[in-house]
Amino acid sequence: MNEFIKEGFKRIRALWYLERSGCVFCGGHPSPICPICTRELLHPELGRCLRCGKLIVQERTLCKDCTEGKGPKYLKKVIAWGHYTGCLKEFIQNVKFGANPMRMMQISRPLADWAIRELPPVDGILAVPMHSTRLAERGFNQAELIASLIHWELGLPILQGVKRVKATPPQVSLSRQERLQNLKNAFALQSKELFQGRSVWLIDDVTTTGSTLDAVAEVLYKGGAKEVYGLCLAAGFEKVLVPGFD
Ligand SMILES: [Zn+2]
Ligand SMILES: [Zn+2]
């Protein structure tokens with residue numbers, strides 16, 4: 001009887017916390033991600049552009065830019081969990097600029113479940129590195145935080161050995177041409193042999209054109225990497241092909 005009551009309390013407590021925590025993005029129910037946010041932010045019904053990760057209609061494999069050859073060239077496949085808008089955008093910005101890294105832990109399970117469904121298993125995961133100046137300003141690298149959650153959930157080893165050697169302005173404010181120029185020689189391998197024959201999930205928080213991921217992938221391939229896949233929390237979507245979205 002005693003055990004029965006204890007068990008009962010445990011369940012009530014678990015439900016209470018579950019109930020209080022709510023949807024990570026909107027606070028609604030159920031936890032951790034409610035059906036509305038799943039539908040409006042994660043868009044499981046949409047496809048992802050193979051090259052840059054942008055959300056696109058299911059029937060297509062590439063977005064318009066990538067069809068025209070303007071997309072990433074080195075990445076084997078890029079996936080983005082959701083659309084960089086609304087509550088997902090707020091969530092990412094809150095973690096990043098609000099010095100709130102703990103919030104990211106709430107999404108670790110659903111994110112890892114999705115990642116392992118979408119990408120083949122690899123030898124290890126690598127976070128897009130941040131320049132030391134930016135790291136000192138912010139205190140942590142959001143991409144590393146995501147990588148550590150995936151490592152924790154899936155047991156994939158964390159790889160290191162790429163350095164951001166050029167302090168670059170944020171990509172988001174730049175044109176495509178400026179982005180490419182900005183990223184030229186921005187990353188370097190710390191040791192030549194590190195990625196020889198290895199397959200990698202390359203992790204970042206947000207991608208727009210995929211050019212940052214691609215610049216790191218280029219360095220990895222030149223260092224002998226076998227396959228590099230990109231994985232991001234959020235990306236844009238192709239407005240032209242999906243009318244009705246904001
Ligand atoms: Zn929600
Ligand atoms: Zn694309």
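When a residue number appears, it is its place in the shown sequence, counting from 1. We count ligands from 1, going down the list as the structure has it; atoms in each ligand are counted the same way.
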Legend entry - Donor-acceptor pair, side chain of R39 and main chain of P44, under 3.5 angstrom: no

Legend entry - N/O/S atom of C87 inside 2.8 Å of the Zn ion (ligand 1), strictly under: no

Inset, instruction - Nearest 10° is fine: what angle sits at the Zn ion (ligand 1) between SG from C23 and SG from C37? - result: 110°

Inset, instruction - Can you tell me, to 10 degrees, how wide the angle at the Zn ion (ligand 1) is between SG on C26 and SG on C34? - result: 110°

Inset, instruction - Determine the minimum heavy-atom distance between R51 and C66, stating which atoms define it. - result: CB-SG, 3.6 Å

Inset, instruction - Answer with yes or no whether the side chains of Y84 and Q93 bring together a donor and an acceptor at under 3.5 Å. - result: yes

Legend entry - Audit row: V24, I107, side chain to side chain contact (heavy atoms under 4.5 Å, CB included) steps and yes/no: CA-CA 7 Å; V24 184; I107 60 162; 3.7 Å; yes

Inset, instruction - Start with the C-alpha gap between K166 and H131, add the side-chain angles, then the distance that decides, and say whether side chain to side chain contact (heavy atoms under 4.5 Å, CB included) holds. - result: CA-CA 7 Å; K166 202 166 103 183; H131 190 266; 5.7 Å; no

Legend entry - NZ or CZ of K77 within 45° of Y229 ring axis and under 6.0 Å: no

Inset, instruction - Take the Zn ion (ligand 2) and tell me which protein N, O or S atoms are nearer than 2.8 Å. - result: C49 SG, C52 SG, C63 SG, C66 SG

Legend entry - Whether over 12 other heavy atoms sit under 6.0 Å from L135 CG: yes

